[in-house]
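Taking it in order: structure first as structure tokens, then the write-up.
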Amino acid sequence: MAKSESEMTWKDLEIGNIVTEPGSARVYESGTWRSQRPTYDFKKCIKCGLCALNCPEGCIAPNKDGYFEADLYYCKGCGICPHECPTRVIKMIEEVE
Amino acid sequence: MAKSESEMTWKDLEIGNIVTEPGSARVYESGTWRSQRPTYDFKKCIKCGLCALNCPEGCIAPNKDGYFEADLYYCKGCGICPHECPTRVIKMIEEVE
Amino acid sequence: MATRTGVEVSVGVADAVKLCNPDVIAAYPITPQTHIVEHLAELVATGELDAEYIPVESEHSALSACLGSAAAGARTFTATSSQGLALMNEVVYVAAPMRLPIVMSVANRALSAPLSIWGDHSDLMSVRDTGWIQIVTENGQAAIDNTIIAFRIAEDQRVLLPVMVHLDGFNLTHVVEPIFFPTQDEVDKFLPKNRFPLPLNPDKPVAMGDFAPPFIFMEAKWAQEVNIRDSRKVILQAWDEFEKTFGRKYLPVEKYHSDGAKVLIMTMGSSGETASVAIDELRKEGLDVGQISLRLWRPFPFEDLREAVKDAEVLIVMDRAISYGGPGGPVASEVKAALYSQAGKPKVVSYVISLGGRDTTVSGFKDIVKKGIDIAARGSQNEYEIYGVKE
Amino acid sequence: MATRTGVEVSVGVADAVKLCNPDVIAAYPITPQTHIVEHLAELVATGELDAEYIPVESEHSALSACLGSAAAGARTFTATSSQGLALMNEVVYVAAPMRLPIVMSVANRALSAPLSIWGDHSDLMSVRDTGWIQIVTENGQAAIDNTIIAFRIAEDQRVLLPVMVHLDGFNLTHVVEPIFFPTQDEVDKFLPKNRFPLPLNPDKPVAMGDFAPPFIFMEAKWAQEVNIRDSRKVILQAWDEFEKTFGRKYLPVEKYHSDGAKVLIMTMGSSGETASVAIDELRKEGLDVGQISLRLWRPFPFEDLREAVKDAEVLIVMDRAISYGGPGGPVASEVKAALYSQAGKPKVVSYVISLGGRDTTVSGFKDIVKKGIDIAARGSQNEYEIYGVKE
Amino acid sequence: MSQEKSLVEIRWHGRGGQGTVTSAEMMALAAISEGKYAQAFPNFGSERRGSPVQAFNRVDTREPIRLRVDITQPDFVIVNDPNLLGKVNVTSGLKEGGWVVINTSKTAQQIKSQFNIKNPVATVNATKIAREVLGVPIVSTTMLGAAIKVTGVVDKKYTYEHLQKRFGRLGDRNIKAMETAYEQVVMQER
Amino acid sequence: MSQEKSLVEIRWHGRGGQGTVTSAEMMALAAISEGKYAQAFPNFGSERRGSPVQAFNRVDTREPIRLRVDITQPDFVIVNDPNLLGKVNVTSGLKEGGWVVINTSKTAQQIKSQFNIKNPVATVNATKIAREVLGVPIVSTTMLGAAIKVTGVVDKKYTYEHLQKRFGRLGDRNIKAMETAYEQVVMQER
Amino acid sequence: MEKYAVYVPRLVNREEKFVAGHRACVGCGEALAIRQAFKALDTNVIVVNATGCAEIFTSQFPLTSWELPWIHTLFENTAAVASGVEAAYKAMRRKGARLPENTKVVAIAGDGGTSDIGLQALSGALERGHDFTYICFDNEAYMNTGVQRSSSTPFGAWTTTSPTGGKSTGQFSWKKNMPEIAAAHNIPYVATATHGYPFDLMAKVAKAVAIKGPAYVHVLSACPTGWRSATETINRQVRLAVQTGVFPLYEVENGVYKMSLDIPTLRPVADYLKTQGRFRHLSDD
Amino acid sequence: MEKYAVYVPRLVNREEKFVAGHRACVGCGEALAIRQAFKALDTNVIVVNATGCAEIFTSQFPLTSWELPWIHTLFENTAAVASGVEAAYKAMRRKGARLPENTKVVAIAGDGGTSDIGLQALSGALERGHDFTYICFDNEAYMNTGVQRSSSTPFGAWTTTSPTGGKSTGQFSWKKNMPEIAAAHNIPYVATATHGYPFDLMAKVAKAVAIKGPAYVHVLSACPTGWRSATETINRQVRLAVQTGVFPLYEVENGVYKMSLDIPTLRPVADYLKTQGRFRHLSDD
Ligand SMILES: Cc1ncc(C[n+]2csc(CCOP(=O)(O)OP(=O)(O)O)c2C)c(N)n1
Ligand SMILES: Cc1ncc(C[n+]2csc(CCOP(=O)(O)OP(=O)(O)O)c2C)c(N)n1
Ligand code: SF4
Ligand code: SF4
Ligand code: SF4
Ligand code: SF4
Ligand code: SF4
Ligand code: SF4
Ligand SMILES: [Mg+2]
Ligand SMILES: [Mg+2]
């Protein structure tokens, strides 16, 4: 959408308010919800991908080195990934102001 | 009811149109529906009461001699009772005009 | 060429649906709608109609299945009545704002309690806020013609709204009468193929039914309102086009000896036909009385109504429903509201008639007209009048 | 003695229900009604309230269970909102003609689609023909007081009708505010024991819910209509009595600086409180404007309305719902109809505001009043106006 | 309605499940095929097997029928089931002079005196005809023939296509039954 | 409304599941107990655990509150969760000169420059207080104390009964947390 | 016929709670089954009735065929209404109201009102554990509205909405197994019965009502009108359903299944099908 | 954890059809389970979604978290809407419309939308044999509206409408056995799964969708908000439900039951209960 949500007029609406852009919620920064964040000790990582499979946000993907890392734009800091990591790569730390 | 159905006014109705006389449908002569009627050869009757138990109208009861007999005010002439009578007491015959 | 045949109106409606070649029919039986859906089931069973007939487990699911079907881009039909319409109430409300062009026949019948399988317009009134286009018919021909027309209106790209075609239970649905049927070719020409613009389709995913926070809800509802109001011109076009093709004309407000008449009665649905016999007789008796009848209930034809009553001094409005503890007849109430600011507007007398299958006969209508004129002249204690209740 | 406490209005309503000592509560959760039923569940769990709480599987069953409960002679409460009210629509229609004195709180919320959990009056309007007595409240105190009053009205032997108490979702339900609570003793005195005259009881079998052929249906419906119209006097008595006991007065049409004012705005529900702030400011600015608000929606207070507007030249009616493709705001439509035949009636300007949680602020109301006066003077192209839609 | 009344109203009496509505329907379909205006409709409501039921016709030779109310004062009454006599008031509302057409083995005279009927009565033993022609005592089409003869509202040949269509391979036999009753019905003015 | 404005409007910022609504509720309950008029209400809508949420108060010393609309121009803003700064525009609509009360270990000066806040800022390390007094970092009652101090809309003693009632055997500790924050909050005008 | 089925007068209560003068079709199996069911019960019963044939043929205003307190409200909410009645009695009794002893609630509905439109209300009431009995009178279609298919209509049966034709040989789906679904709710008692075995039926209904908690009885009820069959043989028809294994008679008590009848060898299903016109097209080929 | 659960990248489709940026609570098991389920599927799927958490957190206007065609209409009609979509594709395809190949319909709903208010629509759709898959994400209460009990709430669990108090120890009734009820409909495939066993879950969902005819998958989904539990251990919580026998993992294929996991000795149920605040009052005594 070109317009911001709050600027939309009734004429901007698709028929039936249908949303035509799949996956458009990707613009939403769910990372603002986070109170803690994952940190990594990639040396231990076996690239098994279990962290990614078990992230409710679906925000973990291989970084440029092929290590699985959270996208903090989305990560809500639930702390699941450290629990699923078989090799204890991940640790949660408090967000700071 | 004192008044006939078609004479009832809105003021004659109970709250919520509740019917306060249990079993009042007994006044309805379902026998007018009949095209055939049961006849009896009571000599064969063992007074087992199966005919009564199997009459959809519930209109069979012992007569003054204790034989089970249909009340023609209600009997619709379905022909079930002869089929349930173990001793073939009952036979259906056509109603005549 | 159209053929004239005798047919039970319900069967005729089903045959009309068949001519429209729907893809999906989802319906639940209820008296007096049953013959419509039974005949459709029959047509599907024999192969005369190639459609999926979904024998759902309730009316709520009937219309819900229709939502899914229409959203997938299929031509979709259902029919119901009374309790069925009430049971699907929540679903009725969502079809219009979702812009799903479903066509539904409603065999009008009284709403319980007490249970009645007989006709009135309480079911019709229960959905008057739902945003469906609503056409009310007064004879078999109108019911059948408007079933075909309904698909055209609903699926028009400028409209994309669900349409209800109301026909009175029993008084229409169960009557065998002469009907002119168009041919398949004629219907094919009149009714273009369905092409719902944004269907559910993996090739081009869309999301239908997002929830709307306060920043946008009111805009969405206003868009809906503008849309149904604007559908008026498409409806008129469809009726015009229908007349050109088939020779039968339909108008939002039908007139019968109404131009110039000082006294008008206003009807909606099949009782209008009986009433017009009364009008004939009254005119023969020398009374300056005419009739208008409302065919287009939603969008409400404000302009047509105002035009039709502009010369009248007395307007007697018949309703077949009561808004209990409220304004009495909903039609009369809306008519008064519509005329409220008009200069020289008629006196409006509101009559509730024919609830739950009670007939209003020709002499009944004559009686109402006479009483109505009297009330207009001398006033009444009542917010509205009711006709034929045994005192 | 009554105590003044801060309480969330929903919790207050539940506490009020508790004071009425109901036997059965059957309810299904839906935002923004949830806190009412959750608190009732809590009161039952702790033993503070001795009642059966039936956690039904849908709203349809919620009200259905209430039918059974009330028919058995038990004091019965439920609460719902929006989609829930729509889903129980068919059941809502049967409660009144069966004369079952159920009390229901409705936390008013917009009807889908699009889905909105926020407030407006579309749900309220969807049940306007159903024959329930309907009280609309504009603040927490009114919601809570009228919950108690509702039981008294419903179970009055002259009434025996179900009663809805409407309170705006969120704007009332979710606000903590100061409330005066009556004591148990006071309530016990105000509210006699339930004695439904013909309950389901093996000692004296009755049949409830016979079907009604055409020879009697219309009589049954007329009896229902007379009954709800006559309930008016009982309602007024109950409010009088309430005032005597508790000192707070309720009227079918509430007035605020309205006597003699040339311009009136009419509101219903909680937005009326914000509006009255606007009225104060406008009056300070020198405008001769007053306010009336509708508290009794059914039975509609024809007399009170006419009396309240008799001096007004302009009446600006606010609606929080649209009858799509129809008359716009249902309240304005009924008001126009009610005033149709009045001599010297005001010009009525209809405004739809605050759908789906959109706020109308003090300055919004001021704007509406000014625009409304202008429209009354110069006319408008529109059947009604809508306020605050982004163009 | 500027001219003489051209409308004829007919009431049928029978029992639920015996095809009374079919009689009326065939009557209307035939009249429509003939180019007339006609209606057929049942007694609105539920029709239980065995219960006394009614069906109705309106036939108008001149103009479209606009009446959409019950028929309470018929011009003709047709009684498909003789057992109804005495149980149901078949002549209720029947116009003076209006014929009652009855399926019976009795004579009109017997019927009139037994059931105290003032109106003229036509009789036909439709049950017998149906048994013989159709093999079953279902008289809906048979009584149609008698009714057509007595009411004269339609030429019986217009029933053919409809009977064929409705009864498929039993069409011919139903036509025969109709025709037989048409021939055999006895109209006795008094 | 014939006199000076007696109405104070407050907005709270926190996260779903952290008791922000409780803060506002306690504030209103206390004010009402004091005999004032007050409202507390959440941001209407769904409040997901973790999501940024708001809650509101109106307090009026003189007259009943009739406003039933959102608060868009608060007199005070209270920020229960410091992580929201920079993510949520906490000063949106805040009246000129209106205080922002923030749970933070930083100084007002640091906060103001880091987040470019023009309004006066009061700070309190509520998380630390809560951890110490309650044993958990849940700051709803702690921040209540700071808010009471800065807004001055209610005497803090009127919160006691409500904190006791809401927190039962943890009531005293919550009162302590509230009082501690009340004492420790630092109001720095610029 | 059940072997012990003789000398009814000694075994069966003579009082009728469902009286003569009703308007069911001639030879209605549903009327018969209802009569038998309520013969098995006492007068301490409140009846909650769904819309359907039974409701219509017993309750034309201003009359009633019921000697028991009876309520009908809608088609699909029977179990919910029953829940409300049960809860009301529970609460009022607990709170000291003077009420008759040991009041029982019995809900009755057709197969449509049970397995289709009323299923959810029923499932909810069973799950909540109300003390009531629900009896489904299964005539295998929506009969009251003129024989439309329900989910309880057997595979292949003709109805007006499962008609036969070039593209259809009647009902396309298998009969929904309602007793099984009820049993999956883990309620104390589920049973099947039919009016062809009246003593079995009566015993089961009596047991169901006596048991504390929800009980479900599923009663096959012949409908000569909808089944296109003879009226006089309806008992034979349903007995054939049992004897061919089409409709087994059994009980499920606290999860334990028990067959009610010993049928060493089942008769061929065709014996059953040929008694009814609705299956005629099947035997044609 | 499943033993074969390593090297996900090789085993699992990396594409997300349910994308990041949704608004589920931190640590939502339902969001996780949905993500896993749709990872198991291709892009040929149309999603029909009931009102509930999943619908709300994925569809705030004007955005959508779905890469698939998706529709939400109401809370209780999900299976009926899915019926309509399925029938529409069937009819349009038969009549020659150009449509993508092999389109599949997947309906998703919460436990409330499935075992309570949406049960009837589901039962009807299963009975009619539509070719679709229904997945119930069971978090054991009405979470979207703030944790009210459903019929799927386990016995003893605290919710806001099964609160604890002098007269109540939480939920008074036993958890409705939804998979069993689905199985009683004699459909080709029924399975249970949970996000704690993601490969099992994905395999079952893929199988369900591949099978012709109706399939039902019941997915236990932790809700830390409603369960009053920690977010980081949700997988452990649901695995304990399996390992204690509280939530067995199994499949029913054409009526044949098969356990999915070999658990020689069940762990004590208390191990499971103590992970969640909603059961706290139970361990108190
Ligand atoms: C909501 C609703 N839909 C439809 C109907 C119409 N209707 C009344 S009874 C009935 C069928 C009843 O079938 P069943 O429950 O099997 O009982 P039966 O008549 O066969 O004994 C139907 C469809 C109704 N009354 N209400
Ligand atoms: C008819 C109707 N009743 C109630 C609601 C309110 N409501 C919306 S979602 C929901 C609960 C959903 O529970 P569940 O299906 O278990 O899904 P969850 O949110 O737990 O994932 C409720 C009660 C509604 N939307 N519609
Ligand atoms: S903390 Fe939670 S949200 Fe963040 S990456 Fe890990 S699993 Fe995903
Ligand atoms: S789970 Fe651990 S080891 Fe596996 S990819 Fe993630 S961080 Fe690496
Ligand atoms: S024929 Fe039928 S109705 Fe008559 S007595 Fe025998 S069983 Fe009863
Ligand atoms: S069934 Fe036969 S033997 Fe038995 S009582 Fe009846 S008539 Fe007599
Ligand atoms: S239709 Fe069938 S069930 Fe209904 S009354 Fe007639 S025979 Fe009985
Ligand atoms: S309430 Fe539970 S299911 Fe809903 S979004 Fe939050 S964690 Fe997920
Ligand atoms: Mg049935
Ligand atoms: Mg849930």
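Letters A, B, ... are given to chains in the order of the sequence lines, protein chains preceding strands, and every chain is numbered from 1. This one's a predicted model, so the numbers in the text were calculated from it and none came from an experiment.
- With a threshold of 4.5 angstrom between heavy atoms, F68(A) approaches chain H through side-chain atoms but not through N, CA, C or O.
- Highest contact tally toward chain A, considering only V12(H), L32(H), I34(H), is held by L32(H) [criterion: heavy-atom pairs under 4.5 Å].
- Side chain of Q36(H) to backbone of L53(A): a donor-acceptor contact under 3.5 angstrom is found.
- When side chains are defined from C-beta on, E5(A) counts as touching P62(H), because their heavy atoms get closer than 4.5 Å.
- Contacts between L13(A) and chain H at a heavy-atom distance below 4.5 Å involve the side chain alone, from C-beta outward.
- Only the side chain of P62(A) has a heavy atom closer than 4.5 Å to any heavy atom of chain H.
- No side-chain donor-acceptor contact under 3.5 Å links K76(A) to the backbone of C28(H).
- Here the side chain of T64(H) pairs no donor or acceptor atom with the backbone of S24(A) at under 3.5 angstrom.
- Proximity to chain A among residues 228-237 of chain H is limited to T231(H), E232(H), T233(H), I234(H), N235(H), judged by heavy-atom separations below 4.5 angstrom.
- Residues that satisfy the side chain to side chain donor-acceptor pair (under 3.5 Å) test with Y40(A), not counting sequence neighbours, are absent from this structure.
- Pairs passing the ring pair (Phe, Tyr, Trp, His ring centres under 6.0 Å) check and including a residue from residues 42-64 of chain H, sequence neighbours excluded, read H22(H)-F57(H).
- K47(A) meets the salt bridge (charged side-chain N to carboxylate O under 4.0 Å, His left out) test with no other residue; sequence neighbours excluded.
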